[in-house]
> 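Before we start, here is the structure in question, set down as structure tokens.
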Protein chains: 4
Amino acid sequence: MQYLKDEVKNSILQAALSEFMRHGYSNASMRQIANLAGITPGNIYRYFKNKEDLFQELIHPVYEKFIQYLMEIKDDFDDSYCVINTTNPLDYLRKVESTIVELFKESNVELRILLNLSSGSSYEPVKQELIQLAAHILMKVFIPGEDQQDQAMIEERNLAHMLAGTLIEGVCIILRDHEDGETVRQLVDELLRVYCAGIISRLNI
Amino acid sequence: MQYLKDEVKNSILQAALSEFMRHGYSNASMRQIANLAGITPGNIYRYFKNKEDLFQELIHPVYEKFIQYLMEIKDDFDDSYCVINTTNPLDYLRKVESTIVELFKESNVELRILLNLSSGSSYEPVKQELIQLAAHILMKVFIPGEDQQDQAMIEERNLAHMLAGTLIEGVCIILRDHEDGETVRQLVDELLRVYCAGIISRLNI
Amino acid sequence: MQYLKDEVKNSILQAALSEFMRHGYSNASMRQIANLAGITPGNIYRYFKNKEDLFQELIHPVYEKFIQYLMEIKDDFDDSYCVINTTNPLDYLRKVESTIVELFKESNVELRILLNLSSGSSYEPVKQELIQLAAHILMKVFIPGEDQQDQAMIEERNLAHMLAGTLIEGVCIILRDHEDGETVRQLVDELLRVYCAGIISRLNI
Amino acid sequence: MQYLKDEVKNSILQAALSEFMRHGYSNASMRQIANLAGITPGNIYRYFKNKEDLFQELIHPVYEKFIQYLMEIKDDFDDSYCVINTTNPLDYLRKVESTIVELFKESNVELRILLNLSSGSSYEPVKQELIQLAAHILMKVFIPGEDQQDQAMIEERNLAHMLAGTLIEGVCIILRDHEDGETVRQLVDELLRVYCAGIISRLNI
DNA sequence: AATGAATGAGGTTTCATTCAT
DNA sequence: TATGAATGAAACCTCATTCAT
């Protein structure tokens, strides 16, 4: 009994991963997923309730881990950096980096789907939330002290938002193009170095 | 009659632009485009062979301009920077920047569709091509002289590729989130500043 | 323009009426309706949003008329019969009868679908509501005065409910089996005669 | 082995009874029947050729008993009532009643399925056949003597048909709404009383 | 005898595209 | 030239039935 179940379920998941990666959630075809998995479309529904359920089973673990991780970063950051302004942001980000890379190394494709290809699913607004979280952290770097509401403030906010977005996208790109863990770490390192250098140079103006 | 034809054709193109912008290529509805253009669905097919053809007529000019522009940058770069190494890369990129922003200001929507909303069309792989072109340019910054094939070379290639990708994505993000031309220019400026600072600091190591 | 629309819409409505009549709402097949109408399934959706919408367009007018009519009966009954107990129930029901027959003559099939074949649609609970309304009226015949809550009361309630149900079904059967208006009127007359005789004889016990 | 087989077969039949009762023939799910029976879907097909066969094995005995019973009533009626016109129809119907209720008490669920929930199966037209049989019996009450073919005859035929239908539906309604055998008997008693009173009053005109 | 994974035909619905008018 | 009704293929999904185990 159940002489094939796990094998088939895995082949469906793998096929779905490939199809979602290629066409995004709403343009992915259950028929194509079935073809890729070597089964008939109806059989998918023995393993997953529907398209959204299949997507969720693939993406949710990564989503949860990622959210939890970012929250930890935020809390840690709020505690250690903002109160006593001793930590160098460069050092702080460097510490963060290794954990990020670890998570991405585990779930490269899933994260890219979550962040860039989930339009039409319940995860659609996740990317903006994540970028806003990242922006929140960067904001504290640019405006350490008080909450000014003047023009400068708006510009800083835009800047933080933009840099947060590019940072997230940068990591996505690195992970899309490279499999080797050490290369990934090295490139993220470089990316952070660029960002930190730029941010520091901007703060010093 | 010819006059009427052009008017209708333009209204279709304008409607299509709006619809592709809102829903992306494959989720755009020909019926909705007809509605927006104030005509009937069947009539679209007197002006355009099919959905893909309509998309192409809209996007191709921008695509071509963008490619041509990047080629010019590449050629200019090859001539002015690589041979006699006098120009400051920061100055060079700053010169580039204003042209980029100009192009985006002209064809903001088309470029955003081309880069982010062309999934399902023949332009789907364009973004990657563009990033590779940009990477080629950046390569010349990092490896000014000869074509070494050693390990250091590979690392520089990866770095250039990654930075090119994040740069392109960064510009996309800026254009997605902001309409005002001056804000766009300012943010692109900041983005370049960060990149240049990072790149210079890296070159100086 | 619109050179066929009404004709097709009517053929769909007629086909749907036949299909819903034969198999009920949830077992009716849109494909079969299309076949009966001599069109393709997709074309139905140019005329009706979905299956429920098609059903509603067919059934709602009858439903509304029927509900309104029954409410009028109920109000008229509450006013004329319960307060001053002068009207003979036989006379009252006879007055009611002609109106019922008129409505049924107009929308024979639709009413039968509404009452007996709407399972799965939003009209599913209508029949029970109607029977309860009819039972409410009959209750007033059996228990003219006060609201007793004893055993006799429960029996009267069951009896009223049962007779209301059979009355409704009886009218449905008459209309299913006969087309001629005069025959219908005559049979409903007989049915009411039987009911009234029985009810009166029961009250006299 | 044979013992086990019967046990399984019975559990399937019991499960099917419950499922058909809840959802009707065509909306009943073979998978759900298997679940209720504590076996797997495929195994049902070792005991029953298909869904229709399972339905038939469940319903046919009751159908046959019911038909046979009605035939006996008819024959008994033809012998005792029509030839020597001594028996009071009220007494005769009262005698009939207790047998009807007995049969319903034995096979309440099966009869309700047969009469009201067989849409989509081969038993779908049974209810009409039953009503026509009942109408045939009632005809003998209204037209004791000869087979006139005049207008009066047609009216009597229609009347008998209508009253047979309402009687059957009335019993169905009673059985749908009540579980307790004594309440069922009592309501059927009342229903017959109404019918008899009406029929007698009509005959006396 | 029993399992339950798999199939395949069918369900409702959408939509780019065609074509008679 | 323009209409918009109609088509047909595809979408997601369900389920009675089959069959390798």
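Any value given below was found using the heavy atoms of this structure, including those in side chains, with hydrogens, waters and symmetry copies removed. Throughout, protein chains are lettered first and strands after them, A, B, ... in sequence-line order, and every chain is numbered starting at 1.
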> OP1 or OP2 of F:dT1 less than 4.0 angstrom from a side-chain nitrogen or oxygen of B:R46, does that happen here?
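Yes, such a contact exists.
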> Which whole-number value in Å describes the distance from D:K51 NZ to F:dA16 P?
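Distance check: D:K51 NZ to F:dA16 P gives 5 Å.
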> A:N50 has an atom CG; how far is it from atom P of F:dC15, in whole Å?
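For the pair A:N50 CG and F:dC15 P, the rounded distance is 14 Å.
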> Given A:I113 and A:F55, is the side-chain contact (heavy atoms from CB on, under 4.5 Å) satisfied, shown in steps?
CA-CA 10 Å; A:I113 293 172; A:F55 190 71; 3.5 Å; yes
> For D:R31 and F:dC15, is the shortest distance between a side-chain N/O and OP1 or OP2 below 4.0 Å?
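Negative; the distance criterion is not met.
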> Name all residues meeting the side chain to side chain donor-acceptor pair (under 3.5 Å) criterion together with B:K127; count only those two or more places apart in sequence or in a different chain, and write none if there are none.
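Here the qualifying residues are B:N116, B:E169.
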> Hey, is the main chain of C:H60 close enough, under 3.5 Å, to the side chain of C:E64 for a donor-acceptor pair?
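No: the side chain of C:E64 does not pair with the backbone of C:H60.
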> What is the distance from CD1 of A:I33 to P of F:dC13, rounded to the nearest Å?
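These atoms are roughly 10 Å apart.
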> Less than 4.5 Å apart, side chain to side chain, heavy atoms only: is that true for C:M21 and C:L17?
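A side-chain contact under 4.5 Å is absent here.
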> Using the criterion of both pairing distances under 3.5 Å for Watson-Crick and G-U wobble pairs, give all stems of 3 or more consecutive pairs involving DNA chain E.
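Expected stems, ordered by start: E:2-21 with F:2-21.
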> When you measure from the side chain of D:E124 to the backbone of D:G120, do you find a donor-acceptor pair of N or O atoms at a distance under 3.5 Å?
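A pair under 3.5 Å: yes.
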> Should A:L36 and A:S18 count as side-chain neighbours, where that means a heavy-atom distance under 4.5 Å?
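SC-SC contact between A:L36 and A:S18 confirmed.
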> For a 4.5 angstrom cut-off between non-hydrogen side-chain atoms, does D:L58 reach D:F20?
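With C-beta onward as the side chain, the pair touches.
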> Looking at D:K51 and D:E19, does any basic side-chain N land under 4.0 Å from a carboxylate oxygen?
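No.
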> Heavy atoms within less than 4.0 Å of DNA chain F: which residues of residues 10-26 of chain B have one? Give them sorted by number.
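Result for residues 10-26 of chain B: none.
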> Does anything in residues 34-44 of chain C reach DNA chain F, meaning a heavy atom under 4.0 Å, and if so which residues?
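C:I39, C:T40, C:G42, C:N43, in order of number.
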> For a quick test of reading the model: is some side-chain N or O of D:S29 closer than 4.0 Å to OP1 or OP2 of F:dT14?
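It does not, given that no N or O in the side chain of D:S29 lies less than 4.0 Å from OP1 or OP2 of F:dT14.
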> Measure the distance from CD on B:Q32 to C1' on E:dT17 and round it to the nearest whole Å.
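These atoms are roughly 17 Å apart.
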> In Å and rounded to the nearest 0.5 Å, what is the OG to CD distance from B:S107 to B:E110?
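B:S107 OG to B:E110 CD: 5.0 Å, rounded to 0.5 Å.
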> For DNA chain E, what residues of residues 53-63 of chain D have any heavy atom nearer than 4.0 Å?
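Nucleic-acid contacts, sorted: none.
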> Please list all pairs meeting side chain to side chain donor-acceptor pair (under 3.5 Å) that have one or both residues in residues 25-39 of chain D, counting only residues at least two apart or in different chains.
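Pairs touching residues 25-39 of chain D that pass the test: C:N27-D:S26, D:Y25-D:E52.
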> Does E:dA5 have OP1 or OP2 sitting under 4.0 Å from an N or O in the side chain of A:Y47?
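For E:dA5, OP1/OP2 do not have a side-chain N/O of A:Y47 under 4.0 Å.
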> CD of B:E52 versus P of E:dT17: gap in Å, rounded?
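The answer, rounded to whole Å, is 10 Å.
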> Taking side chain as C-beta onward, heavy atoms only, is B:L54 less than 4.5 Å from B:L13?
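Yes. Closest side-chain heavy atoms under 4.5 Å.
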> In this structure, how many angstroms lie between the C1' atom of E:dT12 and the NZ atom of C:K49, rounded?
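Answer to the nearest Å: 14 Å.
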> Whole angstroms only, please: what is the CG-P distance between C:N27 and E:dG10?
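To the nearest whole Å, that distance equals 16 Å.
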> Rounded to the nearest 0.5 Å, how far apart are CD1 of C:I33 and NE2 of C:H23?
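One finds 10.5 Å between CD1 of C:I33 and NE2 of C:H23.
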> Any heavy-atom pair between the side chains of C:N43 and C:R46 that's under 4.5 Å?
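Touching, per the 4.5 Å side-chain cut-off.
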> Is C:F48 close to C:K9 at the side-chain level, that is, under 4.5 Å between some pair of heavy atoms?
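A side-chain contact under 4.5 Å exists here.
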> On the nucleotide F:dC13, are OP1 or OP2 found under 4.0 Å from the side-chain N or O atoms that A:Y45 carries?
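Looking at the OP1 and OP2 atoms of F:dC13, one of them is under 4.0 Å from a side-chain N or O of A:Y45.
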